[in-house]
Protein chains: 2
Amino acid sequence: MRFDAGEHIFRQGDEDRSVYVLQTGLLKAYYLSDEGKENIKSFIQPGELIGSLAAAYFKEYCSFSVVCLEPSVTVELDFDVLYAATRDDLEMASAMVEHLLNFSMKKERREREFLTESAEERYRMLIDRSPELFDKVTQKDIARYLGITPVALSRIRKRNASRK
Amino acid sequence: MRFDAGEHIFRQGDEDRSVYVLQTGLLKAYYLSDEGKENIKSFIQPGELIGSLAAAYFKEYCSFSVVCLEPSVTVELDFDVLYAATRDDLEMASAMVEHLLNFSMKKERREREFLTESAEERYRMLIDRSPELFDKVTQKDIARYLGITPVALSRIRKRNASRK
DNA sequence: CATCCGCGTTAACCCAGGTTAATGCGCCCT
DNA sequence: AGGGCGCATTAACCTGGGTTAACGCGGATG
């Protein structure tokens, strides 16, 4: 499936029960609060996989939206088919375990960062870990990913003007 | 394996490559910062499973410690054996997928709460979701789990004096 | 070319939570 | 019983980030 920049793959509240593998492009997954504030769950880069686990597994509504930041190409997989496959194909199950282990560790790291680091430290770690992001994504989105406002990020950048 | 309250199952920095299933008791998993500050990753209740995925999978050091808050009984499983089993036993692989899906969703929810909610809202949600914890765990530990100081939690409780 | 709009920056003011320290309480220990 | 220790509370003060608003800018659009 091909998408233009700005197009949504699915929206918060949808009943989408698919999983998408990103081939090329860049996606952002975000939560929209009742008051209309956006908080960014993650950026998705080629090779990564995105979909609302909870929505698919518990047959609920998606708790977040996914939109393309660049023109993107994805492959859509039906969660139920995928899940059924893990129940009777060892290859699939192993691959799924592999993927989920990696996914869990990523989530765990982010949880840890929120728990133990300040916004400023999280900013510095993000620069170290994913410098490419800073070329592709607006500062507003970086801020919303770090859990702060664009104004706060601008201040942090000023404080850290020396490094990048 | 039996443990007294206060005993550690493993410590940050250990090379423990096991996974533990809690039969009875109550555990807490926590990070200790360089400056000696404690931040609580999670409380583990009977039926749940704990272990440092990253340590086991990447053969690294554990990034957190696990200590018993009550006398506890656990079953120890070797991660490598477990992982190998998922590679050639469909039953095991399916169970592992099941478990990891649930684990991922829990982490995802916590990530979301840190990203989108204030400390006060997180406190209220915790009361709703796990009221039992408040009887078993000190307020200090609840605060460290919420990502705030005991002093801040005391203030929040005062503001919310009406509800519990 | 002029207009518009969204982004990043900066300033001023506000507030939640951190820090430090004092107090009082309950619990464990011998 | 007495001493000691860790926990919860409260107060005073500090600080990082939120909010609002003004400004300049660059890119898109007519």
Side-chain angles (χ1 to χ4, degrees), chain A residues 4-7 26 28 30-40 43 67-71 113-127 133-164, chain B residues 4-7 26 28 30-40 43 67-71 113-127 133-164:
Chain A
D4 289 336
E7 268 190 280
L26 180 63
K28 89 173 170 191
Y30 66 97
Y31 300 109
L32 212 51
S33 75
D34 303 338
E35 308 90 47
K37 305 237 157 171
E38 178 179 324
N39 285 99
I40 298 182
F43 298 104
V67 66
C68 301
L69 297 182
E70 298 175 357
E113 287 180 3
F114 274 118
L115 190 58
T116 65
E117 314 292 346
S118 69
E120 183 156 351
E121 279 154 346
R122 293 198 310 271
Y123 166 71
R124 292 208 212 99
M125 295 169 114
L126 186 61
I127 289 187
L133 267 189
F134 289 76
D135 303 324
K136 299 186 185 171
V137 166
T138 63
Q139 211 164 294
K140 184 167 165 277
D141 279 348
I142 299 275
R144 289 324 188 172
Y145 175 74
L146 291 172
I148 59 179
T149 59
V151 179
L153 179 54
S154 180
R155 284 191 289 239
I156 289 175
R157 276 166 50 85
K158 199 179 180 185
R159 288 203 295 269
N160 291 4
S162 48
R163 98 197 65 208
K164 177 169 198 144
Chain B
D4 289 337
E7 267 191 279
L26 180 63
K28 89 172 170 192
Y30 65 98
Y31 300 109
L32 212 51
S33 74
D34 304 338
E35 308 90 48
K37 305 236 155 170
E38 179 179 324
N39 285 99
I40 298 182
F43 298 105
V67 66
C68 300
L69 297 182
E70 298 174 358
E113 287 178 4
F114 274 118
L115 190 57
T116 66
E117 313 292 346
S118 69
E120 184 157 349
E121 280 154 346
R122 294 198 310 270
Y123 166 71
R124 292 209 213 100
M125 293 170 114
L126 186 61
I127 290 187
L133 268 188
F134 290 76
D135 303 324
K136 299 187 182 168
V137 165
T138 63
Q139 212 163 294
K140 183 167 165 280
D141 279 349
I142 298 276
R144 288 326 187 171
Y145 175 74
L146 291 173
I148 59 179
T149 59
V151 180
L153 179 55
S154 181
R155 284 191 289 239
I156 288 174
R157 277 167 48 85
K158 201 179 179 187
R159 288 203 293 269
N160 290 319
S162 47
R163 95 197 67 203
K164 176 168 196 144

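These numbers were taken from a predicted model, which means no experiment stands behind them. In what follows, chains are A, B, ... by sequence order, proteins preceding strands, each numbered from 1. What's counted below: heavy atoms across the whole structure, side chains too, no hydrogens, waters or symmetry copies.
Contact annotation: the side chain of B:Leu69 never approaches that of B:Lys136 to less than 4.5 Å [non-hydrogen atoms, C-beta and beyond]. B:Lys140 has its side chain out of reach of B:Leu153: every pair of non-hydrogen atoms, C-beta onward, lies at least 4.5 Å apart. A:Phe43 places a side-chain heavy atom less than 4.5 Å from the side chain of A:Asp141. A:Ile156 places a side-chain heavy atom less than 4.5 Å from the side chain of A:Arg159. Annotation: side chain of A:Lys28 is not in contact with side chain of A:Arg144 (no heavy-atom distance under 4.5 Å).
Take the nearest nucleotide of DNA chain D for B:Val137 and for B:Arg155: the residue whose nucleotide is more 5' is B:Val137.
The closest donor-acceptor contact from the side chain of A:Asn39 to the backbone of B:Thr116 lies at 3.5 Å or more, if one exists at all. A donor-acceptor pair under 3.5 Å is absent between the side-chain atoms of B:Arg122 and the main chain of B:Phe114, judged by distance alone.
Using a 4.0 Å cutoff to heavy atoms of chain A, the contacted part of DNA chain C runs 5' to 3' from C:dC7 to C:dA12. Taking a heavy-atom distance under 4.0 Å as the criterion, the stretch of DNA chain D touched by chain A extends 5' to 3' from D:dG17 to D:dT20.
At the heavy-atom level, A:Ser154 lies under 4.0 Å from base atoms of the strands shown. Within 4.0 Å of A:Thr149, counting heavy atoms only, lies at least one base atom of the nucleic acid.
Remark: A:Leu126 engages A:Ser130, A:Leu133, A:Phe134, A:Ile142, A:Tyr145, A:Leu146 in a side-chain contact (heavy atoms from CB on, under 4.5 Å) (not counting sequence neighbours).
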